[in-house]
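A short write-up of the structure that comes next.
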Amino acid sequence: MQIIQQIYKALYKEYGPQGWWPLIDYKGNNPTKTGSIKGYHPGDYNLPETQNQRFEICIGSILTQNTGWVNTERALTNLKKLHSLAPTPLMILQDDELKLAIKPTGYFNQKAKKIRGFTEFYITLNDRTPTREELLSIWGIGKETADSILLYAFKIPTFVIDAYTRRIFSNLGLIEKNAEYDKIKSLFENNLKPNLIVYQEYHALIVEHAKRHYSKKTEHILCPLYQKFVKWANFLII
DNA sequence: AACCAGGACGTGA
DNA sequence: TCACGTCATGGT
C-alpha cells in the first residue's frame with residue numbers, strides 16, 4: 001500500500017515538521033507562563049534529553065486523554081510550579097494538591113489515580129524502557145497512551161493511533177469506520193519502515209490535518225487528501 | 001448554550 | 001465482543 005507513504009509525503013509537504021512531543025520544560029520556554037503553546041520543537045529529534053523531559057511526556061500523555069492540549073499544558077505548568085513534575089516529588093505531593101494542579105484537564109479524580117499508578121511503575125523502571133504490555137497493564141494506560149509514551153518518551157518506533165487517524169483514514173476508505181486499534185496500527189506499520197522520525201511526524205501530521213479539516217462540523221469530503229488519493233472521488237463528489 | 005477535545009474503564013447484554 | 005454510560009474542565 002504505497003498510499004500510506006504517499007499520504008505521509010503529502011502531509012509533510014503541506015505542514016512540515018511538527019515538533020512533537022511538545023515540552024513546557026524546554027530551552028527558551030518559560031514554564032511559569034500558562035497557555036503559551038511554545039513547547040513544539042520542529043526539526044529537533046534529540047528530545048527528550050533529560051529524565052525530567054521524558055517524565056513530562058509520560059504525564060502529559062495521560063493528562064491529554066480526551067482533552068485539548070492547552071488545558072494539558074496548564075496542568076503541566078501547575079505541576080512544574082510545584083516542582084512536582086518529576087517522579088519522586090510527584091509521589092510526595094498530597095492528593096488534594098495533585099488534583100488541584102491537574103484540574104484544568106478534567107477527570108481529575110481518575111487522572112490523579114492514573115498518574116500515581118504510572119509514576120509508581122515508572123520509578124521501578126530505573127531507566128529501563130518499558131514494554132507495551134507492561135504499560136497496558138497499568139490502570140489508566142490504554143493503547144494510545146502506551147504507544148505515545150513509547151514513541152515520544154522512549155523513542156521506540158511504534159505507531160500511535162487516535163480518533164483523528166480513524167476519522168481521516170476511514171473517510172479515505174482505507175479502513176473501516178469501527179476498525180480495531182491494533183488493526184489500524186498494523187496498516188501503518190506494515191507499510192512503513194520502522195523509522196522513528198517518520199512515526200513521530202506522521203502521527204503529529206495526522207492530528208494537524210484533522211484539526212484543520214476534520215472537526216466534527218466540517219464536511220470531510222472537502223479534505224484535500226480526498227481529491228488527491230481517492231480514485232473514485234469524482235464519483236462521490238457531485 | 002450545546003458541543004467537543006491528541007481516551008480509558010466498567011457494566012450489562 | 002459490542003454498545004453505552006461515566007468521568008469533568010475550558011474553549012468555541
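These numbers come from the heavy atoms of this one structure, side chains and all, not from hydrogens, waters or symmetry mates. Just so it is clear: chains get the letters A, B, ... in the order the sequence lines come, proteins before strands, and each one is counted from 1.
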Using the P atom on both, measure C/dG5 against B/dC3 and round to a whole Å. 15 Å

So which one's nearest nucleotide on DNA chain B is more toward 5', A/S61 or A/W139? A/S61

Have A/E208 and A/Y164 got a donor and an acceptor in their side chains that come within less than 3.5 Å? no

What integer number of Å spans the P atoms of C/dA8 and B/dT11? 16 Å

When rounded to the nearest Å, what value does the distance between C1' atoms of C/dG11 and B/dA1 take? 13 Å

Please work out if A/K111 contacts a base, only the sugar-phosphate, or nothing of the nucleic acid, heavy-atom cut-off 4.0 Å. nothing

Using the ring of each side chain (for Trp, its six-membered ring), is A/Y8 parallel, tilted or perpendicular to A/Y202, with breaks at 30° and 60°? tilted

Counting side-chain heavy atoms from CB outward, which of B/dG6, C/dG10, B/dA8 is closest to A/Q65? B/dA8

Are any of A/T145's side-chain N or O atoms less than 4.0 Å away from OP1 or OP2 of B/dA8? yes

Within the pair A/N109 and C/dA8, is there a side-chain N or O less than 4.0 Å away from OP1 or OP2? yes

For residues A/Q65 and A/K114, is any side-chain donor paired with an opposing acceptor at under 3.5 Å? yes

On the side chain of A/Y107, is there an atom forming a donor-acceptor pair with the base of C/dG10 - under 3.5 Å, no angle test? no

Can you check whether A/W69 stacks with the B/dG6 base, using ring centres under 5.5 Å and planes within 30°? yes

A/N66 CG - C/dA8 C1' separation (whole Å): 10 Å

When we call it a touch if two heavy atoms are under 4.0 Å apart, what does A/G142 touch: a base, just sugar-phosphate, or nothing? sugar-phosphate

A/Q18 atom CD is separated from B/dG6 atom P, nearest whole Å, by 13 Å

Just to be sure I understand the rule, does A/W20 reach a base, reach only the sugar-phosphate, or reach nothing, if contact means heavy atoms closer than 4.0 Å? base

Nearest listed nucleotide, side chain of A/W21, among B/dC9, B/dG6, C/dC7: B/dG6

Examine distances only and state if a side-chain atom of A/T119 and a backbone atom of A/R116 form a donor-acceptor pair shorter than 3.5 Å. no

With a non-hydrogen cut-off below 4.0 angstrom, is A/I141 in contact with a base, only sugar-phosphate, or nothing? sugar-phosphate

Mind checking A/E144 for me? I need base, sugar-phosphate or nothing, with any heavy atom below 4.0 Å counting as a touch. sugar-phosphate

For A/N71 and B/dC4, what is the distance between atoms CG and P respectively, to the nearest whole Å? 17 Å

Gap between atoms OH and P, on A/Y214 and B/dC3 respectively (whole Å): 23 Å

Angle class for the A/W21/A/W69 ring planes (parallel below 30°, perpendicular above 60°, tilted otherwise)? perpendicular

How many Å lie between NZ on A/K113 and C1' on B/dG10, as a whole number? 11 Å

A/E73 CD to C/dG11 P, in whole Å, measures 12 Å

What's A/I138 touching, base or sugar-phosphate or nothing? Going by heavy atoms closer than 4.0 Å. sugar-phosphate

Rounded to whole angstroms, how far apart are CG on A/L63 and P on C/dG10? 14 Å

According to a strict under-4.0 Å criterion, is A/R166 in side-chain N/O contact with OP1 or OP2 of B/dG6? no

Whole-Å distance separating the CG atom of A/L135 from the C1' atom of B/dG7: 15 Å

Fit a plane to each ring of A/H209 and A/Y15, take the angle between them on a 0 to 90° scale, and name the class: parallel (under 30°), tilted (30 to 60°) or perpendicular (over 60°). tilted

Output yes when at least one side-chain N/O atom of A/R167 is less than 4.0 Å from OP1 or OP2 of B/dA5, else no. yes

